[in-house]
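For reference, the structure discussed in these notes is given below.
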Amino acid sequence: MDAREIEKCIDVFGTDIYRFCLKLCMDKTDAEDLYQQTFLKLMELRVAIRKEENPRAFLFSIANGIWKNECRKLRRRARIAPSISISRMQEENEQIQDSADTQSQVLEQMQQEELRRAVERLEPKYKT
């Protein structure tokens, strides 16, 4: 697949692929990276895409595969060396100190953390 064919794919399917990446990542910068990686992978594969074989679905599967691999890497790294964001802890501490209603905020943070953990325990196909 040459650059012109990939450019055509980007023109035709780029918006749909970007939206899909955004829904997977739920973060604009990560979605942009996934979007770029999808089309780079298409170039690496050097596969001739035929219009009658649903190229849009093929691009979705490439993006989904890359995203799953990245999630696996992150989970593996988190098991090996869990990390805590210092800036996140500082922000949470400032919010708690500045607020008069700290008890309700702490409860809300605990609920959000519980929900995040529950989502992380889901199988990847359900997260998607």
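- Note that CD of Glu32 and CG of Asp27 are 9.0 Å apart. Values are rounded to the nearest 0.5 Å.
- In summary, Asp11 and Lys8 do not engage in a salt bridge, as defined by a charged side-chain N under 4.0 Å from a carboxylate O.
- Considering all non-hydrogen atoms of both residues, Asp16 and Phe60 come closest at O-CE2, 3.7 Å.
- Considering all non-hydrogen atoms of both residues, Leu34 and Ala63 come closest at CD1-O, 3.5 Å.
- The aromatic rings of Tyr18 and Tyr35 sit perpendicular, their planes meeting at an angle over 60°, well past the 30° parallel limit.
- Rounding to the nearest 0.5 Å gives a distance of 10.0 Å between CG of Leu115 and CD of Glu120.
- Distance check, rounded to the nearest 0.5 Å: CD of Gln37 to CD of Glu44 gives 9.5 Å.
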Practice prompt. Evaluate side-chain contact (heavy atoms from CB on, under 4.5 Å) for Ile62 paired with Phe39, printing each intermediate quantity in order.
Written response: CA-CA 9 Å; Ile62 291 173; Phe39 287 103; over 6 Å; no
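- If you chain together hydrophobic residues whose side chains sit under 4.5 Å apart, Trp67 and Leu45 fall into the same group.
- Using a 4.5 Å heavy-atom cutoff, the side chains of Leu22 and Met26 are not in contact.
- Residues Arg72 and Asn69 meet the side-chain proximity criterion, which asks for heavy atoms closer than 4.5 Å.
- When the side chains of ILVMFWY residues are joined at heavy-atom separations under 4.5 Å, either directly or via intervening members, Leu42 and Leu40 end up in two distinct hydrophobic clusters.
- In plain terms, the two heavy atoms of Ile66 and Lys41 that are nearest each other are CD1-CB, 4.0 Å.
- The SG atom of Cys21 sits 14.0 Å away from atom NZ of Lys28, with the distance rounded to the nearest 0.5 Å.
- Going from atom CG of Leu59 over to atom OG1 of Thr38 covers 7.5 Å, rounded to the nearest 0.5 Å.
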Item to complete: Go through the steps to decide whether Asn54 and Phe58 satisfy the test side-chain contact (heavy atoms from CB on, under 4.5 Å), and finish with yes or no.
Response: CA-CA 7 Å; Asn54 197 359; Phe58 181 63; over 6 Å; no
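- The distance from atom CZ of Phe20 to atom CZ of Arg56, rounded to the nearest 0.5 Å, is 10.0 Å.
- Counting non-hydrogen atoms of other residues, nucleotides and ligands closer than 6.0 Å to CZ of Arg117 gives a total above 12.
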